[in-house]
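So the structure is just underneath, and the comments pick up after that.
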Amino acid sequence: MVKSAEEMHPVKAFGWAATDTSGNLSPFHFSRRATGEKDVRLKILYCGVCHSDLHSVKNDSGKVTYPVLPGHEISGVVTEVGSMVRKVKIGDKVGVGCMAGSCRSCDSCSNHLENYCSNMILTYRSTYFDGTPTYGGYSDIMVCDEHFVVRWPDDMPLDAGCPLLCAGITTYSPLKYYGLDKPGTHLGVVGLGGLGHVAVKFAKAFGAKVTVISTAPNKKDEAIKNLGVDSFLVSHDQDQMMAATGTMDGILDTVSAHHSIQPLLNLLKPNGKLIVLGVIPKPLEVPVFPLLSGRKTVAGSGIGGMKETQEMMDFAAKHNITADVEVIPMGYINQAMERLEKADVKYRFVIDIAATLKDESDDQ
């Protein structure tokens with residue numbers, strides 16, 4: 001006998017969701033599944049606001065089904081575990097990032113690359129194995145398979161640490177995979193936003209020389225004085241860009257807006273690597289001659305597997321790496337989205353879920 005939705009998801013939950021392309025978020029009642037034998041239930045304490053949340057609530061991809069309840073940078077505390085859970089226990093601090101599930105049997109999953117599984121399930125805006133939609137961390141509770149839960153390092157703050165579950169792993173993984181984690185490497189970081197500022201911190205912890213490449217000259221003092229970058233290039237200053245030709249081993253391009261990559265390829269040494277991390281809406285034009293003449297590489301990278309995500313969090317805690325955050329109440333989320341669209345945040349909003357997510361109907 002097929003179970004009803006109420007039987008599969010009997011746990012009442014509350015959050016904020018968008019219900020149309022206006023992207024406006026408002027209070028939303030829904031339900032979570034019961035805690036299965038390999039599941040962990042957590043009380044959500046904080047949730048970061050990723051730029052992809054903004055794209056999702058506005059259906060920029062044209063593929064969104066409403067309602068959308070965003071949030072994939074989640075920190076919280078375990079309140080219930082299934083009978084077969086061994087990874088964490090009640091009372092432990094944990095995190096949940098971009099993934100809620102995968103097939104666990106393909107080559108990618110077998111090699112700890114669940115993020116590249118063709119059946120990977122996103123923490124929100126996906127369909128779970130039971131056919132129900134996944135809802136994210138702008139909510140009071142979550143139920144997650146223990147495999148996709150990250151153990152929270154003791155020295156990691158729960159608010160400034162949660163953006164690392166997306167921005168952190170998105171920048172850490174390509175640095176490791178493409179060999180840009182070696183001391184003395186000269187790394188360029190394009191864009192000084194949510195991804196870019198974290199990329200700088202990881203690169204500096206690896207012992208790299210870091211140059212930020214930005215369209216905004218007013219970010220130079222911030223980059224050098226507060227983040228410790230070694231140099232700063234204004235991308236539309238032809239003299240600065242020319243002087244830096246052929247000096248970089250690799251570049252992480254974190255910009256999501258359409259832009260030319262030819263000037264970036266010119267900055268690379270022979271055998272240099274340009275790694276694209278931003279979700280750019282239009283196809284990139286890739287000039288062939290710079291690739292051939294310098295054996296240069298243009299590549300991409302998307303988050304990381306669960307093993308590497310845990311490794312990244314532990315490395316960040318050891319090196320005191322967190323995101324620079326502005327903590328906001330749940331009720332401020334629509335204003336925060338407007339500011340995020342204008343890049344008016346240094347550098348990541350984080351919602352104080354535990355203190356400010358209130359279900360007014362409970363008071364009636």
Side-chain angles (χ1 to χ4, degrees), residues 16 23 25 44-58 70-76 95-98 123-124 136-139 150 152-153 156-173 189-205 212 214 216 219 222-223 226-229 252-257 277-279 302-304 309 312-313 315-317 319-357:
W16 280 48
L25 290 116
I44 297 174
L45 301 179
Y46 294 95
C47 186
V49 180
C50 179
H51 211 280
S52 60
D53 297 348
L54 176 63
H55 289 308
S56 294
V57 297
K58 289 183 175 291
H72 58 209
E73 302 175 346
I74 302 160
S75 64
V96 177
C98 302
T123 300
Y124 73 91
Y138 295 12
S139 56
V150 174
W152 202 264
M156 177 73 69
L158 287 158
D159 51 2
C162 58
L164 298 181
L165 293 163
C166 176
I169 188 59
T170 297
T171 53
Y172 179 91
S173 184
V189 176
V190 185
L192 193 61
L195 288 179
H197 89 286
V198 174
V200 168
K201 293 185 179 188
F202 277 118
K204 293 301 292 183
V212 165
S214 173
K219 291 187 176 182
E222 172 81 12
N226 293 355
L227 294 175
V229 306
L252 295 187
D253 186 349
T254 72
V255 174
S256 295
L277 304 180
V279 182
I303 58 173
T309 300
M312 176 275 304
M313 291 295 285
F315 180 90
H319 293 272
N320 298 312
I321 295 172
T322 58
D324 292 1
V325 302
E326 179 180 335
V327 179
I328 61 170
M330 187 72 251
Y332 187 74
I333 187 59
N334 290 309
Q335 294 96 312
M337 289 290 190
E338 291 175 5
R339 287 177 55 193
L340 182 59
E341 197 162 23
K342 301 172 184 174
D344 178 23
V345 57
K346 289 185 179 178
Y347 286 96
R348 206 70 151 187
F349 289 115
V350 171
I351 308 166
D352 187 343
I353 297 289
T356 68
L357 177 62

Q.
For Lys204, give me all partners under salt bridge (charged side-chain N to carboxylate O under 4.0 Å, His left out), at least two apart in sequence or on another chain.
A.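 With neighbours one apart ignored, the set is Asp230.
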Across all chains, not counting sequence neighbours, the salt bridge (charged side-chain N to carboxylate O under 4.0 Å, His left out) partners of Asp159 are none
Check side-chain contact (heavy atoms from CB on, under 4.5 Å) between [X] and all other residues, then give those that pass, not counting sequence neighbours.
| X | value |
| --- | --- |
| Val345 | Glu326, Leu340, Phe349 |
| Ser173 | Ile169, Ser301, Glu308 |
| Cys166 | Cys50, His72, Glu73, Cys98, Thr170, Arg348 |

Any donor-acceptor pair under 3.5 Å from [X] side chain to [Y] backbone:
| X | Y | answer |
| --- | --- | --- |
| Thr356 | Pro329 | no |
| Lys201 | Ala323 | no |
| Asn334 | Leu25 | yes |
| His197 | Tyr347 | no |
| Ser214 | Gly191 | no |
| Thr123 | Gly97 | yes |

task = Start with the C-alpha gap between Gln335 and Ile328, add the side-chain angles, then the distance that decides, and say whether side chain to side chain contact (heavy atoms under 4.5 Å, CB included) holds.
result = CA-CA 10 Å; Gln335 294 96 312; Ile328 61 170; over 6 Å; no
Heavy-atom pair of closest approach, residues [X] and [Y]:
| X | Y | result |
| --- | --- | --- |
| Tyr46 | Cys162 | CB-SG, 4.1 Å |
| Met312 | Leu164 | CE-O, 3.1 Å |
| Asp53 | Gly71 | OD1-N, 3.8 Å |
| Gly137 | Ile353 | O-CD1, 3.7 Å |
| Ala223 | Val212 | CB-CG2, 4.5 Å |
| Val200 | Leu227 | CG1-O, 3.8 Å |

Q: Please assess Val96 against Leu165 for the test side chain to side chain contact (heavy atoms under 4.5 Å, CB included), listing each intermediate value before the final yes or no.
A: CA-CA 7 Å; Val96 177; Leu165 293 163; 5.8 Å; no
Q: Fit a plane to each ring of Tyr172 and Phe315, take the angle between them on a 0 to 90° scale, and name the class: parallel (under 30°), tilted (30 to 60°) or perpendicular (over 60°).
A: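 Ring orientation, 0 to 90° scale: tilted.
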Pairwise distance [atom1]([X]) to [atom2]([Y]) - rounded to 0.5 angstrom:
| X | Y | atom1 | atom2 | value |
| --- | --- | --- | --- | --- |
| Trp152 | Leu158 | CH2 | CG | 6.0 Å |
| Ile321 | Met313 | CD1 | CE | 11.0 Å |
| Asp253 | Leu195 | CG | CG | 10.5 Å |

Would you please test Lys58 and Met337 for side chain to side chain contact (heavy atoms under 4.5 Å, CB included) and show each step? CA-CA 10 Å; Lys58 289 183 175 291; Met337 289 290 190; over 6 Å; no
Paired with Tyr138, the side-chain contact (heavy atoms from CB on, under 4.5 Å) test is passed by just one of Leu357, Val57, Val49, Ile74, namely Val49
Practice task
For His51, enumerate each residue passing the side chain to side chain donor-acceptor pair (under 3.5 Å) test, keeping only those at least two apart in sequence or located in another chain.
Solution key: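 Once residues adjacent in sequence are excluded, the partners of His51 under the side chain to side chain donor-acceptor pair (under 3.5 Å) criterion are His55.
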